[in-house]
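Quick notes on the structure that follows.
All values below come from the heavy atoms of this structure, side chains included, with hydrogens, waters and symmetry mates left out. In what follows, residues are counted from 1 in the order of the sequence shown.
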Amino acid sequence: QVQLVESGGGLVQAGGSLRLSCAASGRTFSNYAMGWFRQAPGREREFVAAISGSGGSTSYGDAVKGRFTISRDNAKNTVYLQMNNLKPEDTAVYSCARGKSRVVITASSFFDYWGQGTQVTVSS
């Protein structure tokens, strides 16, 4: 069973930065793409970013392009989300997820394991 554990969330002022981490169990981490999604109260889950198994390919949601950066360290079984120039509308629970293959696909149905999520709150 794969376990994903997020950390790094918190309260930050608008314009600030946070770095989220997601640690994965298992020995084949590099075989799978990883992604970040977020969900705000009363809203549907939204794709944030994804990265291929090797780390050579990434994809971002339109709302975060140019502000967020996804990366991974396969030696540490960890994926990161660097969030800069945060806005109040970025407030949500952020969850990481493991894809079903190495390839980046943005649809949530492509991801089969999910973490519990970490709260990010951006004050104005």
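- Around atom CD of Gln116, no more than 12 heavy atoms belonging to other residues, nucleotides or ligands sit under 6.0 Å away.
- Of all heavy-atom pairs between Val48 and Val64, the closest is O-CG2, 3.4 Å.
- Side-chain heavy atoms closer than 4.5 Å link hydrophobic residues (I, L, V, M, F, W, Y) into clusters, and following such links, even through other members, never connects Tyr113 to Phe47.
- Here the OG atom belonging to Ser71 is positioned 8.5 Å from the CG atom belonging to Leu81, to the nearest 0.5 angstrom.
- Note: Phe37 and Trp114 meet the aromatic proximity criterion, with ring centroids under 6.0 Å apart.
- Closest approach of Ala63 and Glu46 over heavy atoms only: CB-OE2, 3.7 Å.
- In terms of heavy-atom proximity, Gly117 sits nearest to Ser95 at CA-OG, 3.5 Å.
- The shortest heavy-atom contact between Ala24 and Leu4 is CB-CD2, 3.4 Å.
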- Arg19/Tyr80 under side chain to side chain contact (heavy atoms under 4.5 Å, CB included): CA gap, chis, key distance, verdict: CA-CA 7 Å; Arg19 188 194 195 201; Tyr80 305 96; 3.6 Å; yes
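- Counted within 6.0 Å of CD on Gln3, heavy atoms from surrounding residues, nucleotides or ligands total 12 or fewer; the atom is thus considered open.
- Rounding to the nearest 0.5 Å places CD1 of Ile70 at 9.0 Å from SG of Cys96.
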- Task: Could you please spell out the steps behind the salt bridge (charged side-chain N to carboxylate O under 4.0 Å, His left out) verdict for Lys65 and Asp62?
- Result: CA-CA 5 Å; Lys65 281 180 181 177; Asp62 289 341; 3.2 Å; yes
- Does the pair Met83 and Val12 meet the rule for a side chain to side chain contact (heavy atoms under 4.5 Å, CB included), with working shown? CA-CA 11 Å; Met83 305 185 295; Val12 63; over 6 Å; no
- Task: Before giving the answer on side chain to side chain contact (heavy atoms under 4.5 Å, CB included), spell out for Ser123 and Gln13 the whole-Å C-alpha distance, their side-chain angles and the decisive distance to 0.1 Å.
- Result: CA-CA 5 Å; Ser123 63; Gln13 288 188 333; 3.7 Å; yes
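- With contacts defined as side-chain heavy-atom distances shorter than 4.5 Å, the pair Phe111/Thr106 does not qualify.
- Under the 4.5 Å side-chain heavy-atom criterion for grouping Ile, Leu, Val, Met, Phe, Trp and Tyr, Tyr60 is connected to Leu20 within one hydrophobic cluster.
- Heavy atoms only, all atoms of each residue included: Ser109 and Lys100 are closest at O-NZ, 3.2 Å.
- The nearest pair of heavy atoms linking Val104 to Ser59 is CG1-CB, 3.7 Å.
- With values rounded to the nearest 0.5 angstrom, Gln82 atom CD is found 9.5 Å from Ser21 atom OG.
- A single hydrophobic cluster is not seen to contain both Phe29 and Tyr32; linkage of ILVMFWY side chains at heavy-atom distances under 4.5 Å, directly or through other members, places them apart.
- Residue pairs meeting the salt bridge (charged side-chain N to carboxylate O under 4.0 Å, His left out) criterion with at least one member in residues 110-124, sequence neighbours excluded: Arg98-Asp112.
- By the rule that hydrophobic residues join a cluster once side-chain heavy atoms approach within less than 4.5 Å of another member, Val79 and Val2 end up as members of one cluster.
- In this structure, SG in Cys22 is found 10.0 Å from CG in Asn77, a value given to the nearest 0.5 Å.
- A heavy-atom distance below 4.5 Å is not found between the side chains of Ser54 and Arg102.
- Taking hydrophobic clusters as Ile, Leu, Val, Met, Phe, Trp and Tyr residues chained together by side-chain heavy-atom distances below 4.5 Å, Leu18 shares a cluster with Tyr94.
- Taking CD of Gln119 as the start and OG1 of Thr91 as the end, the distance is 7.0 Å to the nearest 0.5 Å.
- Atoms CZ and CZ, on Arg38 and Arg43 in that order, are 7.5 Å from each other to the nearest 0.5 Å.
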